[in-house]
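Data first, discussion second: the structure below is written as structure tokens.
In each ligand, atom 1 is the first atom listed, and ligand 1 is the first ligand listed. Given the structure is predicted, the values throughout are model-derived calculations rather than measurements. Nothing fancy with the numbering, it's 1 onward along the sequence.
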Amino acid sequence: MNGAELIMRTARKAGIDTCFTNFGTTEMPLAVAFDTEPGVKPILGLFEGVCTGAADGYGRMTDRPAMTLLHLGPGFANGVAYLHNAKRAKTPLLNLVGEHTTHHVHLDAPLSMNIEALAGTISGWYKTNQSPIELSQDFADAFVASLYGQISTLIIPNDYQQMKITDVEVAVPRFGFDPVDGDSIEGAARLIRENHNVALLIGGRALRSRGLKAAARIKSLKGCDLLTDYLPGYMERGVGFPEITRIPYFPEPAMELLSGYDAVVICGTKEPVGFFGYKGISGKLLSENQPRVLINSNKQNPIEALACLAETLGCSEDISPGVTAKRCYPAVPQGELTAEKACQTLAAIQPEGAIIVDEGVSSAFPYYSLSHGLLPHTMITIAGGSIGHGMPCSIGAAMASPDRPVINLEADGSAMYTVQALWTQAKQGLNITTLICANRRYNILKLELERAGITPVGPTVSSLIDIENPHIEWTKMAEAMGVAAVSVNTAAQLAHEIQGALSEAGPHLIEMVLR
Ligand SMILES: Cc1ncc(C[n+]2csc(CCOP(=O)(O)OP(=O)(O)O)c2C)c(N)n1
């Protein structure tokens with residue numbers, strides 16, 4: 001067995017089954033080991049951002065890491081933007097990156113780069129392997145670190161991947177969250193008991209069904225409102241789940257919402273701050289005199305922390321009927337498509353168990369408020385605001401949940417960053433329906449310019465937020481990569497095409513021409 005095979009064997013033993021890759025010469029032994037030590041399925045992405053975004057989607061669905069295999073510093077750098085979203089979503093994810101052979105590193109060859117410096121900006125755990133004997137243990141350490149909900153990056157010199165290894169045991173990862181902190185739970189219980197109007201701000205794993213159940217128990221007894229960040233990574237939603245209010249994107253309405261609370265209990269996320277800093281507006285969304293308490297650390301499980309808080313407060317297991325969503329959905333609207341009508345149409349026909357990957361940016365603003373009473377589904381958002389995440393993330397979500405339909409609400413500008421993800425969707429035959437929100441501009445930037453008082457927008461800036469000229473032919477582009485595609489401009493056509501796409505295996509793209 002060589003070092004690369006030892007890595008694959010360790011990965012398999014840890015339970016890793018999928019690797020999103022775009023490799024090169026320095027990772028050759030690892031690529032060969034997919035055959036000689038089978039068990040981890042490699043999936044080719046035609047750009048590293050597709051690989052890292054897909055690994056993010058996989059990790060969000062399973063709470064287990066998918067692996068990536070990337071080429072040196074430049075390959076890793078191409079993936080960083082979508083690792084950023086994964087980091088913000090607290091996704092478990094494990095990168096393997098090849099390094100030049102040890103006797104070549106100091107020669108400053110063309111592809112040489114400081115990989116550790118790159119890895120350090122994004123990874124909760126990273127290391128360059130120092131000896132082939134330690135490869136298995138390094139991998140197991142990387143795996144364990146990722147399970148806390150962070151990125152691990154293991155950099156492996158090419159000669160160590162090739163080196164023959166005998167008499168080394170395959171390391172078995174041992175993972176456990178730290179126990180919850182009784183003092184902060186007591187502090188939170190006191191805040192809830194002593195204040196009239198308390199918000200429970202939850203994120204990360206707390207938005208999975210067990211966390212939501214604990215939050216709903218607390219709300220049933222104490223009436224706390226349940227809030228989450230504007231861009232939560234992953235959320236179970238719909239009938240039977242409690243309503244979670246998203247903190248608005250712009251700071252004024254966000255502060256208005258939060259100022260209504262006497263105190264805030266935070267679990268699975270951190271104190272809320274605005275997306276951007278604006279002149280004369282505080283970046284912190286809570287005021288200094290609002291009491292707050294955070295009930296978990298990064299190494300404690302927020303689900304356990306919430307469940308423990310529910311017990312401490314004496315909440316019953318039963319949830320009040322008023323706390324969870326009842327079935328409620330809009331009708332398919334009529335007429336030409338607008339962003340509002342596109343969201344209504346999706347909400348009207350979205351099937352049970354759908355995984356909604358929301359990168360609709362400004363076109364998706366109306367969707368969330370329509371989705372509370374839909375059939376149970378999963379919502380995934382672009383947690384770090386690094387656009388181009390939707391198409392790759394859908395790949396990982398579909399690979400992790402092959403029996404569930406993935407619907408990617410995708411803004412046209414964002415889609416263009418990683419459009420080659422469609423090729424991987426077709427190659428793998430994934431059940432993904434991509435709904436392109438074709439407003440043909442960077443609309444959110446137009447809104448931000450207006451907010452900044454820059455109206456009318458000058459011709460040069462105007463041309464920098466217009467993506468219509470030349471016209472992007474979505475159906476041709478999708479078809480060129482093997483994805484069936486159609487363009488629609490009325491709500492009725494959209495409803496018909498979504499239903500058709502969902503009833504047929506494989507990926508589909510629907511261009512929604514928005515007025
Ligand atoms: C990686 C990255 N590059 C650039 C940006 C800046 N940015 C934010 S939104 C946006 C345009 C979004 O346009 P589109 O996806 O078409 O959505 P719309 O605003 O039209 O709703 C850009 C360029 C970003 N957030 N992330």
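When N78, T21, N95 are each tested for a side-chain hydrogen bond (donor to acceptor under 3.5 Å, both in side chains) with E48, only one passes: N78.
Counting heavy atoms under 4.0 Å from ligand 1, residue N439 touches it through the side chain alone. With a 4.0 Å cut-off on non-hydrogen atoms, A81 does not touch ligand 1 at all. Only backbone heavy atoms of R441 (N, CA, C or O) come within less than 4.0 Å of ligand 1; its side chain stays farther off.
In this structure, atom 22 (C) of ligand 1 is in close contact with the protein, since a protein heavy atom lies within 4.0 Å of it.
The shortest N/O to N/O separation between D412 and ligand 1 falls below 3.5 Å. Considering backbone and side-chain N/O atoms, I444 comes within less than 3.5 Å of an N/O atom of ligand 1.
Heavy-atom contacts of G385 reach the following atoms of ligand 1: 24 (C), 25 (N), 26 (N) (cutoff under 4.0 Å). Close contacts between ligand 1 and A411 involve ligand atoms 14 (P), 15 (O), 16 (O), 17 (O) [criterion: under 4.0 Å to a heavy atom]. Counting atoms of ligand 1 from 1 in the listed order, those under 4.0 Å from a heavy atom of G413 are 14 (P), 15 (O), 16 (O). Atoms of ligand 1 found under 4.0 Å from any heavy atom of S362 (numbered from 1 in listed order, with element): 18 (P), 19 (O), 21 (O).
Heavy-atom distances between G388 and ligand 1 stay at or above 4.0 Å for every pair.
Stacking of R237 on the aromatic ring of Y368 is recorded, both the 6.0 Å distance cut-off and the 45° axial limit being met. Taking the ring centre of Y230 as origin, the terminal cationic atom of R246 falls inside the region bounded by 6.0 Å and 45° from the ring axis.
One option in V80, N85, I387 has a heavy atom closer to atom 2 (C) of ligand 1 than any other, and that option is I387.
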